[in-house]
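Every chain is numbered from 1 and lettered A, B, ... according to where its sequence line falls, protein lines coming before strand lines. The model shown is predicted, which means the values in this text are computed figures rather than measured ones.
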Amino acid sequence: MPKPKIEPRLPKGMRDYLPGTMLKREYVFSKVREVFHLYGFEPLQTPVLELHETLMGKYGEDAEKLIFNAQHPGGKEELSLRYDLTVPLARVVAQYPNDIALPFKRYQISPVWRAERPQKGRYREFYQCDADIVGASGMDADAEIVSVVISALLRLGFDNFTVKINNRKLLTAIGQYAGVEGEPLANLYRSIDKFDKVGAEGVREELITRGLDGEVIAKIMDLITVDLPGIQKLAYLEGFMGDFPAACEALGELRDLIAHLQASGMPEQYYDFDLTMVRGLSYYTGPIFETVVNEAGMGSVQGGGRYNDLIGLFKGESIPTTGMAFGIERIIDLMDTFNLYPPSLGGTLTQALVTVFSGETRFEAERLASELRGAEIRTELYLQDRKLGQQIAHADKKGIPVVALLGPDEIASGQVKFKRLRDGQEVTASRAQAAEVVWGLLNT
RNA sequence: GUGGCUAUAGCUCAGUCGGUUAGAGCGUCUGAUUGUGGAUCAGAAGGUCGAGGGUUCAAGUCCGUCUAGCCACCCCA
């Protein structure tokens, strides 16, 4: 073989997922998918590449610099790798009006690409896991989104998390109440958004630096940091801002949302209002959600909310939409942190390794492997002529729980010996009972 | 885009004030054990010290350049 001249390495910010990792990732994906299906969300898949023009003008100037372009020699179309899953959804909704019945509930778990500088937990290729309801304007839809979040996290094994709920309209109303609008209001959001990281004092200092009046800051901080349980928080705000139509509308929506959540039976310990939660920028128009896993020492694992003006972009109209995205990469990290994978999820799917004693017994070993596979046992046949010890070591290293030993003695007597590596237990059985014995070793 | 840190064996890292032949743990391979993995013991392989310059009698070690990686900021998942 020629010596490889090229150092094997990955593009910046991209990863390989080796089999042991893939088993874990697919476990998480499958649990989340189960919950989506339970709520009537159905899968959508769109191409990795979109026309460049489809993506332009949707994310803002700064974000557009992070879009990967994908040209080939002589290509006539300007193509780009998708930047998220929401714009493709908007395109699909506009493109297939006859095939899509509203409300349209779809989910998509797919990679997206951003040419950012990689960092801890941030990659240039990463999976997004979105579920959205297109064409439903009521708070029952938003409540359903929150329910999906809670159900999925519970199913994965998390039990100490909080879905933080706020309303974009309420933040706007607070700005009005304090006398801040336009560009300063956007900066105000950005500062408040850092609440988790820098605390109340940090936010206060940043607002001072941004040149806001001390009195204004005091009014805002008083409102957003009020520490009252659930609904009482809303009543407190109403006392100050009851005269502002935007505030009334926002508070009404949140009351409505909670009523639907209660009806759906979601335990109240898993959600709460957090008036300091802002959700990045721009396109949200109503309730917003963000979930933190407590004691995780990490940012949010889920974000979402209502965005009524984005999905209709390609149709030139407003289509009420609410949805959410799991920070699925972070969730996968936390699954390890909190040890939430089931023990049955070992490093391999393979359940049995059939060892091969010698060249003469290989045909018989193949027959045995075939019999085990016929009984739905995931079976690897050892494919090299090596010493028995090395074959067993191979099973041990991969985490295969059972090995079959088929030497001349066993073949002569029509039997096969199985060994369970976990505890070294050996069982000899007739070939007719072989599969049954393996299932016994696997399940006890 | 801005700033900081790092680069030595497959992996994680040590290497003193610049001084002879470059070190450990883990992993890999061989054997102890020709029908049995892990544990133990004995041994072996494995290095352009990121690249290319400079200072010096002498550079893994000091200086600047480049490259790559990591971290923080901006922003985001």
Every protein N/O within reach of nucleotides 28-33 of chain B N/O, cut-off under 3.5 Å:
residue, atom, partner, partner atom, Å
B/rU30, OP1, A/Gln390, NE2, 3.3

| query | What nucleic acid atoms does A/Gly303 come within less than 4.0 Å of, heavy atoms only: base, sugar-phosphate, or nothing? | reply | nothing
| query | Parallel under 30°, tilted from 30 to 60°, perpendicular over 60°: which one fits the rings of A/Phe158 and A/Phe338? | reply | perpendicular
| query | Rounded to the nearest Å, what distance is computed from the CG atom of residue A/Asp409 to the P atom of nucleotide B/rU36? | reply | 12 Å
| query | Using the ring of each side chain (for Trp, its six-membered ring), is A/Tyr59 parallel, tilted or perpendicular to A/Tyr83, with breaks at 30° and 60°? | reply | tilted
| task | Would you mind telling me which of A/Val92, A/Thr322, A/Ile319 makes a side chain to side chain contact (heavy atoms under 4.5 Å, CB included) with A/Val134? | result | A/Ile319
| query | How close or far is atom P of B/rA77 from atom CD1 of A/Ile328, stated in whole angstroms? | reply | 14 Å
| Between A/Arg420 and B/rG37, is there a side-chain N or O to OP1/OP2 distance below 4.0 Å? | no
| said: Under a 3.5 Å threshold, yes or no: a donor from one side chain and an acceptor from the other, between A/Gln45 and A/Ser110? | reply: yes
| field | Between A/Ser318 and A/Asn308, a side-chain donor and acceptor under 3.5 Å | value | no
| Of all the nucleotides listed (B/rG37, B/rG35, B/rC76), which has the minimum atom distance to the side chain of A/Leu388? | B/rG35
| message | Please report the distance, rounded to the nearest Å, between CD in A/Glu290 and C1' in B/rC76. | response | 11 Å
Using atom names, set out every protein N or O paired with an N or O of nucleotides 67-69 of chain B below 3.5 Å, distance rounded to 0.1 Å.
residue, atom, partner, partner atom, Å
B/rG69, OP2, A/Lys12, NZ, 2.8

| Roughly, in whole Å, what's the span from CG in A/Leu441 to C1' in B/rG37? | 16 Å
| Would you say the side-chain atoms of A/Arg306 and A/Ser137 include a donor-acceptor pair closer than 3.5 Å? | no
| field | Rounded distance (Å) that lies between atom P of B/rC75 and atom CG of A/Asp84 | value | 19 Å
| remark: Whichever of A/Leu406 and A/Arg124 has the more 5' nearest nucleotide on RNA chain B, that residue is A/Leu406
| Distance only, no hydrogens: is a donor on one side chain within 3.5 Å (strictly under) of an acceptor on the other, for A/Ser151 and A/Tyr39? | yes
| query | What is the distance from CD of A/Gln391 to P of B/rG38, rounded to the nearest Å? | reply | 14 Å
| request: Pick base, sugar-phosphate or nothing for A/Leu405, based on heavy-atom distances below 4.0 Å to the nucleic acid. | output: base
| said: Does A/Lys419 reach a base, just sugar-phosphate, or nothing at all? Heavy atoms under 4.0 Å. | reply: base
| message | Judged by each residue's nearest nucleotide on RNA chain B, which is more toward the 5′ side, A/Gly327 or A/Arg117? | response | A/Arg117
| Exercise: do A/Tyr307 and A/Asp132 side chains pair donor with acceptor under 3.5 Å | yes
| message | Would you say A/Gln119 places a side-chain N or O within less than 4.0 Å of OP1 or OP2 belonging to B/rA72? | response | yes
| remark: Given Watson-Crick and G-U pairs under 3.5 Å, RNA chain B in dot-bracket ([ ] crossing, | other strand) is (((((((..((((.....[...)))).(((((.......))))).....((.((..]....)).)))))))))....
| task | Mind checking A/Tyr123 for me? I need base, sugar-phosphate or nothing, with any heavy atom below 4.0 Å counting as a touch. | result | base
| message | Tell me whether the rings of A/His394 and A/Tyr382 are parallel (<30°), tilted (30 to 60°) or perpendicular (>60°). | response | perpendicular
| field | Aro-ring/base stack A/Phe357-B/rG35, d under 5.5 Å, angle under 30° | value | no
| query | If you measure from the Lys or Arg side-chain nitrogens to the Asp or Glu carboxylate oxygens, is any gap between A/Lys105 and A/Glu42 under 4.0 Å? | reply | no
| message | Tell me the interatomic distance from A/Tyr83, atom OH, to B/rA77, atom C1', rounded to whole angstroms. | response | 10 Å
| query | Base, sugar-phosphate, or nothing for A/Gly121, non-hydrogen atoms under 4.0 angstrom? | reply | base
| message | Of the options B/rC71, B/rG37, B/rU36, whose atoms approach the side-chain atoms of A/Lys120 most closely? | response | B/rC71
| task | Determine: side-chain N/O of A/Lys194 to OP1/OP2 of B/rC74, distance under 4.0 Å, yes or no. | result | yes
| Whole-Å distance separating the CE atom of A/Met277 from the P atom of B/rA77 | 13 Å
| message | Cation-pi check for A/Phe273 against A/Lys233: NZ or CZ below 6.0 Å from the six-membered ring centre and within 45 degrees of the axis, yes or no? | response | no
| task | Tell me what A/Ala393 touches on the nucleic acid: a base, only sugar-phosphate, or nothing, going by heavy atoms under 4.0 Å. | result | sugar-phosphate
| task | Go through the N and O atoms of the side chain of A/Glu410 and the base of B/rG35, and report whether any donor-acceptor pair is under 3.5 Å. | result | yes
| Should the ring pair A/Tyr17 and A/Tyr127 be called parallel, tilted or perpendicular, given that the plane angle runs from 0 to 90° and is split at 30 and 60? | perpendicular
| field | Lys/Arg N to Asp/Glu carboxylate O, A/Asp333 vs A/Arg330, below 4.0 Å | value | no
| If you take atom types as modelled and just measure distance, does the side chain of A/Arg122 reach the base of B/rC75 with a donor-acceptor pair under 3.5 Å? | yes
